[in-house]
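Report on the structure given below.
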Amino acid sequence: MTEIKLYNTKTRSKEVFSPLDVNDVRMYVCGPTVYDRAHIGNARPVIVFDVLYRLLREKYGTDHVRYARNFTDVDDKINATAAARKAAGAVGTLEELVQERTDETIAWYLEDMGALGNLEPDHAPRATEYIDEMVAMSAMLIEQGHAYEADGHVLFDVTSYENYGSLSGRSVDDMTAGARVEVAPYKRNPMDFVLWKPSDEGQPGWDSPWGRGRPGWHIECSAMAEKLFGKRFDIHGGGLDLAFPHHENEKAQSCVCGSEDDFAQVWMHNEMLQVEGKKMSKSLGNFFSVQELLGKGHAGEVIRFVYLSTHYRKPMDWTDRKRADSERTLRQWRAQVSGVDAANTPDAEFLLALGDDLNTHGAIQVLHKLSRAGDAALLKRSAQVLGLLTDELDGWITQSGAQSGDQERIEQVEDWLRAARNSAMLSGNFESVDRLKSAARNAGLEVRMTKETVELIPDAGFDAEKLYEIKRGDA
RNA sequence: GGCGAGUUGGCGGAGUGGUGACGCAGCGGAUUGCAAAUCCGUGUACACGAGUUCGAUUCUCGUACUCGCCUCCA
C-alpha cells in the first residue's frame, strides 16, 4: 500500500507517517467530557479519526494498530447534574449519582457514535480509573521542580518547560500580555495551569498528598496515554480547539516527565463544525445533538457521508442541502452494490487520495468514478475504508417508513397501474393512469415505469395513510 | 489586544507554475403515451492590488472580508 502522509500541527507541515513500531501503531484521541448527549460537533473528530484508524488497520494490519479514546468523567457540569438529582430526592451518595450520570452518558455516546458507523477504540479509559497515576505524575512534577503547591492547588509552572507554546504557536509572553481573564492570586505566572484542586464537601474528591481533591483537566490524558502507550507513541488527535490549552499543557507535562520533546510523534487537529454557516450555539438555536439528527430520520450513513465530504482541516458546514445531496448519492451507490461481494483490496487511486493527509473528499471523488465505471465490487470495498457501504450501516433505505404490510398494498397499486396503463395503451386515454401516478407520488412513492415494468418505491416522504387512500377508480 | 486559518463556477468542494477535477442543480439530446429513473452531451470560477516568472488560480508581499482560539466547548 502507498505511504500515508499526515499534517503535523507540531511541525506545521505534511509529513510521511512512519510509526515507531510497525507492529504496534498507537493513536490517542481526546474523547468527550461525559456530562450530556454528544452534539454534532463532537462527532467530527470521532469520524475523522475513525477513518484514520481504518486506514492504519488497512496498511499495518488489524492486530497491529491500537486506538485509545478517553472519557473525561471528572467535571463540574457532571457534579452539578448529580447534585441537582440529589436535591430532587434521588437515592444514593453524590459519588454514586455522579457515576450514574457518567455511565448513562457514556452509553448514549457509544450508541450515537455507533449509529454513525464508528468502530469502538481498543482502549476507552475513564479518568476516574487513573486517579492514582495522575497523583503520582503530579507528585513527580513537584519533585522535579516543574510544579508547585499553592493554596491547596497544585500548579504547573509553564516557565519550567522551554518549549511551552511551540505546539500551538504561542509564546508565554504574548499570551500573558493578551490575557483577558482574571488571574488567580496563587499563580506564579498567569499561564500556569491546575494539576490538582481541592474539593469541598459537595464535590467528588480523592485523597492526595495535598488533601482531598480532584485532578485538573489536562493531567488525565498525560497519565492515561503513558499508562496505555508508554512515554512515546505515534499519533495524538483531537479538535482544533484543544490545541490550546489542552494539548499544549498535556505535552508540557509529559515532556518534562520523561517523554522529553518526543511525546506524540504527530499531532493532528480537526477544524470546527458550523451549522448553516454559523457557529453552533445554544443561543442561535442551531445547536443539536447527534441523537436529534438521527431522530429526524436521517440515516447514520448519510450523516457520516456529509462529514467526510469536507477535508478534516477545513471548517465544516452542516446544511440540510448537503444532507439531501449525500442521501441521493448513497441511495444510488447502495442500489449499485446491493448483493455484490466486495473486492479483496481497495482501489489504488482511492488509497492514494486517502493517504494524502486523509483527503476524504478526494477519496469520495474516486468512488464516484468507480460508480460511473460500474465497478461495484471495488466501489464497495473502497467505500468501506471510509466506513461507508458497510453491512453495519445498511438497511436504512428500505426503512423509509414503509412497513412490510404496506408492501402488499404497494404491489396492489402497482397492479392497478399496470392494468390501467395496458388498457390506456389501447384506448389512448391516459387519464386514469395519470391519476394513479399522481396519487402514488402524493403518498411518497417514486414511480418507475418502463415498457414492461411498473415499480413504486417508497422514498423519504412516504405516507402510509395516503397510500391506503388510493382508489382503483374506474380504470 | 495577541495568535492562527480561510476567500475557487448557481451551490458544495478538491487540486495544480502552463489546454481549470468531481458531485448536485441548470441546459440540450436519447428514452417515455407524458413523466420519473437511467444514459449521452454541456460550464466565460480560483477575493483585490503589486511582485517573481517565458507564463500564476497555484510562489512572495500587501489590502479587504470571513472564521476560529486566547473562557476545563471536539
Side-chain angles (χ1 to χ4, degrees), chain A residues 9 12 29-33 35-36 38-49 69 72 74-77 165 168-171 173-182 190-191 193-194 197 215-220 237-246 248-249 269-274 277-282 287 306 309-317 319 321-322 324-326 328-329 331-332 335 353 356 359-369 371-372 421 424-431 433-434 437-438 440-441 445-451 455-457 459:
Chain A
T9 305
R12 294 168 176 284
V29 174
C30 286
T33 301
Y35 65 95
D36 203 351
H39 62 250
I40 63 171
N42 291 309
R44 193 168 190 199
V46 178
I47 292 172
V48 165
F49 291 104
R69 186 183 62 211
T72 299
V74 180
D75 173 79
D76 288 343
K77 290 190 282 292
S168 53
R170 297 153 199 249
S171 76
D173 289 347
D174 287 347
M175 287 187 285
T176 306
R180 297 194 314 200
V181 280
E182 201 175 324
M191 301 314 295
F193 56 90
V194 172
K197 56 190 166 187
W217 177 34
H218 318 296
I219 192 75
E220 63 175 83
L240 186 60
D241 56 341
L242 293 183
F244 189 89
H246 184 55
E248 193 70 66
N249 294 352
H269 295 98
N270 61 275
E271 252 287 0
M272 302 289 102
L273 179 139
Q274 301 180 325
K278 292 189 173 158
K279 179 178 170 151
M280 181 168 69
S281 72
K282 286 178 179 167
F287 186 100
V306 172
S309 302
T310 302
H311 184 87
Y312 79 94
R313 282 194 289 117
K314 289 223 171 167
M316 190 204 107
D317 195 11
T319 64
R321 171 77 182 268
K322 284 189 193 176
D325 283 355
S326 301
R328 189 179 302 116
T329 300
R331 279 177 184 276
Q332 194 180 324
D356 183 12
N359 186 351
T360 50
H361 183 88
I364 286 172
Q365 299 315 320
V366 178
L367 296 183
H368 277 296
K369 198 189 273 186
S371 171
R372 240 177 302 124
R421 201 259 308 266
M425 292 290 273
L426 298 174
S427 69
N429 180 357
F430 288 89
E431 198 182 321
V433 180
D434 291 338
K437 274 165 66 176
S438 70
R441 284 210 192 86
L445 294 165
E446 187 190 310
V447 179
R448 293 190 186 179
M449 296 175 75
T450 66
K451 270 179 177 161
E455 265 188 297
L456 297 176
I457 300 161
D459 62 28

Apply side-chain hydrogen bond (donor to acceptor under 3.5 Å, both in side chains) to A/Thr450 and list each qualifying residue two or more places apart in sequence or on a separate chain.
A/Thr453

RNA chain B nearest-nucleotide lookup for A/Pro215 and A/Asp325: closer to the 5′ end is A/Asp325

Under 4.0 Å protein heavy-atom contacts per nucleotide of nucleotides 34-40 of chain B, with B for base, S for backbone only and - for none:
BBBS---

In whole Å, what is the span from the CG atom of A/Leu240 to the C1' atom of B/G68?
7 Å

Quick check for you: among B/G33, B/A25, B/G13, whose closest atom lies nearest to any side-chain atom of A/Arg321?
B/A25

Under the rule for ring pair (Phe, Tyr, Trp, His ring centres under 6.0 Å), what residues qualify as partners of A/Phe193, not counting sequence neighbours?
A/Phe156, A/His218

Spacing of A/Asp36 atom CG relative to B/C73 atom C1', expressed in whole Å:
12 Å

A/Lys314 side chain, from C-beta outward: closest of B/G6, B/A25, B/A21
B/G6

For B/C39 versus B/A25, give the span between their P atoms, rounded off to a whole number of Å.
12 Å

So what does A/Phe430 hit on the nucleic acid, given a heavy-atom distance under 4.0 Å: a base, only sugar-phosphate, or nothing?
base

At under 4.0 Å between heavy atoms, what does A/Gly41 touch on the DNA or RNA strands: base, sugar-phosphate, or nothing?
base

Looking at A/Arg328 and A/Asp325, does any basic side-chain N land under 4.0 Å from a carboxylate oxygen?
yes

Mark yes or no for a side-chain to base donor-acceptor pair under 3.5 Å between A/His269 and B/A74, with no hydrogen or angle criteria applied.
no

Across all strands shown, which nucleotide pairs with B/C67 by Watson-Crick or G-U wobble geometry, both distances under 3.5 Å?
B/G4

Should the pair A/Arg69 and A/Phe49 be classed as cation-pi, given the thresholds of under 6.0 Å to the six-membered ring centre and 45° from the axis?
no

